[in-house]
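Only one structure is covered here, and it is reproduced in the block below.
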Amino acid sequence: MNEIFDVFQYKFLTHAMLAAFLSSITCGIIGSYIVVRRMVFISGGITHASFGGIGIAYFLGVNPLIGAFGFGILTALSIEYLTKKQKLRNDSAIAILWALGMAIGIFFIYITPGYTPNLMSYLFGSILTVTQGEIINLVVLTLLLIATFILFYYIIVAVAFDEEFARTQNLPVTFINYLLIILVAVVIVLNIKVMGIILILSMLTIPQNMANLFTQNFRSIILLSIIFGFIGSFFGFILAYFLNIPSGATIVIVLAVLFLIMKGVVAVKNYRRF
Amino acid sequence: MKNKIVELKHLSAGYDQQIVLNNVNFTVYNNDFIGIIGPNGGGKTTLLKIILGLLKPFSGHIHFYNNSQKVPNINIGYLPQINAIDTKFPISVKEVIQSGLVQGNYSLLKRKTNKNDIRTQEIMEMVGVDHIAGKAIGELSGGQKQRTFLGRALISDPSLLILDEPDTYVDHSFEKELYELLKKLSVNTAILLVSHDVGMISTFVNSIACVNKDLHYHPSNEINEEVLRSYNCPIDLITHGTIPHRVLKKHNH
């Protein structure tokens with residue numbers, strides 16, 4: 001047991017804890033929006049396409065997060081535009097951008113001379129190497145997200161629930177759609193370091209679906225998702241530290257096991273009621 | 001006092017390059033209760049979308065009026081076809097109804113005014129969902145859903161109410177109740193109602209608009225075979241199901 005407390009004597013471990021906490025809040029809020037709006041596949045597209053930006057950034061020798069940021073936002077806006085204008089089938093557009101982003105990433109990483117450090121941490125997450133700068137980014141994002149959701153809460157819910165009706169009420173539907181898809185992209189990019197490109201979808205969906213087992217209220221789903229997300233990332237990070245496994249993988253496994261247990265408990269409870 | 005509130009002039013509309021409505025002229029007055037009938041794919045929904053501002057016309061104009069003054073838009077209450085609603089969405093009956101009042105109070109910081117709460121309560125009682133205010137929409141029956149969405153359409157006190165097939169998924173007793181309620185509302189609100197139940201429509205509405213690529217306005221609520229045939233109207237309604245029976249029965253007396 002003492003070993004667990006020893007963990008926090010190191011600065012990088014404090015950073016990791018903070019990262020897990022901030023990741024739970026940002027993914028908890030934006031993931032709830034993604035889940036109730038059925039945008040999980042879109043989010044998967046944004047996540048994977050951002051790998052293209054990471055590849056280009058490696059090639060140019062700049063911070064990979066800057067590349068991911070550019071690609072993430074560009075993909076988010078393209079998907080929003082293409083789907084709304086109905087130039088392409090929604091899911092096809094996503095799949096094309098998803099694969100193209102990954103392809104560009106691989107292309108540039110292979111033509112970059114020499115060794116590409118930390119590549120694995122972007123793919124699978126590395127909560128133990130989160131830097132102070134990345135923590136500050138997450139803090140700013142968390143505040144921005146909370147402010148947005150408090151200020152526009154009822155419009156966000158109205159637009160997410162029934163976009164067409166919201167339009168007939170002259171609500172700023174297009175503005176909200178673009179604002180939220182950009183926030184989705186930013187949340188994904190800033191959490192890549194914690195969860196990894198391949199595994200981040202789990203933090204945006206598993207806590208939310210756990211929460212949905214217990215409540216049908218959007219605000220409660222957000223709050224419970226944050227709590228469940230934190231439980232998952234805390235124990236995931238402890239496992240990652242002691243077993244020396246990428247944090248993304250351990251967090252997903254902890255979340256999935258928790259989800260299965262809760263689903264089982266709820267199912268048994270419902271069964272007993274009859 | 002008869003004031004026009006919506007006016008469509010030589011309006012054509014559709015999707016991509018396909019024209020669904022062609023050269024439509026149509027005026028809605030403040031005391032109208034208009035039933036819209038027509039075959040599937042004839043353009044009923046397109047007409048509603050144009051009036052709701054969800055679709056831009058290819059050509060022609062749509063104008064809104066308030067006390068004979070041209071205005072950019074009017075307050076419209078809209079009841080969509082409820083099969084398009086995502087019933088897994090985590091939202092309660094009360095929240096759905098209040099989502100019709102978001103304009104102007106959309107922040108969590110702004111404390112909900114008493115006035116809003118009173119209005120919500122009033123509407124929930126009017127449409128008969130006050131006893132299930134906290135239920136999630138996924139747990140509702142078809143009729144309860146219709147009542148809830150009707151409440152959402154009514155809460156902002158619209159000057160025009162647009163209802164797209166409000167009588168689907170509802171039981172007979174509610175259907176009757178619904179039309180009685182609409183009759184009451186129509187004293188202060190203009191109503192456009194799309195329905196397949198031609199028999200039911202004709203007993204409540206004041207006039208009929210028949211939409212089948214073009215629009216024919218029939219300034220009375222009598223639907224007889226001649227009207228339907230001469231306007232090239234919903235042939236499929238006449239030939240299928242129990243509806244023609246009702247239509248003819250209405251006219252044989």
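Note on naming: letters A, B, ... go to the chains in the order of the sequence lines (proteins, then strands), and numbering restarts at 1 for each one.
In this structure the side chain of T168(A) never reaches within 4.5 angstrom of the side chain of I76(B), judged on heavy atoms. Considering only heavy atoms from C-beta on, V36(A) comes within 4.5 Å of P90(B) through its side chain.
With a 4.5 angstrom heavy-atom cutoff, A166(A) does not touch chain B via any of its atoms. Looking at L52(B), the atoms closer than 4.5 Å to chain A (heavy atoms on both sides) sit in the backbone and in the side chain alike. The parts of I91(B) that come within reach of chain A are both its backbone and its side chain, each placing non-hydrogen atoms under 4.5 angstrom from that chain. Residue L79(B): no heavy atom, backbone or side chain, is found under 4.5 Å from chain A. If you measure heavy-atom distances from D16(B) to chain A, you find no contacts under 4.5 Å at all. Interface remark: K135(B) contributes no atoms to any contact with chain A (heavy atom separation under 4.5 Å).
Annotation: F64(B), atom CZ; neighbour count of heavy atoms from other residues, nucleotides and ligands within 6.0 Å is above 12. Heavy atoms of other residues, nucleotides or ligands lying less than 6.0 angstrom from NZ of K145(B) number more than 12. The local environment of NZ in K183(B) is crowded, with over 12 non-hydrogen atoms from other residues, nucleotides or ligands closer than 6.0 Å. The environment of CZ in F58(B) is crowded: more than 12 heavy-atom neighbours from other residues, nucleotides or ligands sit within 6.0 Å. Surrounding OH of Y178(A) are more than 12 heavy atoms belonging to other residues, nucleotides or ligands, all under 6.0 Å away.
The OG atom of S156(B) sits 5.0 Å away from the CD atom of Q169(A) when rounded to the nearest 0.5 Å. The structure places CG of N170(A) at 4.5 Å from CG of N73(B), a figure rounded to the nearest 0.5 Å. Separating the CZ atom in F161(A) from the OG atom in S99(B) is a distance of 6.5 Å, to the nearest 0.5 Å. A distance of 12.5 Å separates OH of Y78(B) from CZ of R167(A), quoted to the nearest 0.5 Å. In this structure, CZ in F149(B) is found 9.5 Å from CZ in F165(A), a value given to the nearest 0.5 Å.
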How far apart are the C-alpha atoms of V157(A) and F89(B), what are their side-chain angles, what is the distance that settles it, and do they pass the side-chain contact (heavy atoms from CB on, under 4.5 Å) test?
CA-CA 10 Å; V157(A) 173; F89(B) 198 96; 4.2 Å; yes
Go through the steps to decide whether E95(B) and N217(A) satisfy the test side-chain contact (heavy atoms from CB on, under 4.5 Å), and finish with yes or no.
CA-CA 10 Å; E95(B) 287 171 319; N217(A) 177 289; 3.7 Å; yes
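Between chain B and the residues T215(A), I221(A), L151(A), the most heavy-atom pairs under 4.5 angstrom are made by L151(A).
Comment: R37(A) does not engage D86(B) in a salt bridge, judged by the lack of any side-chain N to carboxylate O separation of less than 4.0 angstrom.
Residues K88(B) and Q216(A) come closest through the heavy atom pair O-OE1, 4.4 Å.
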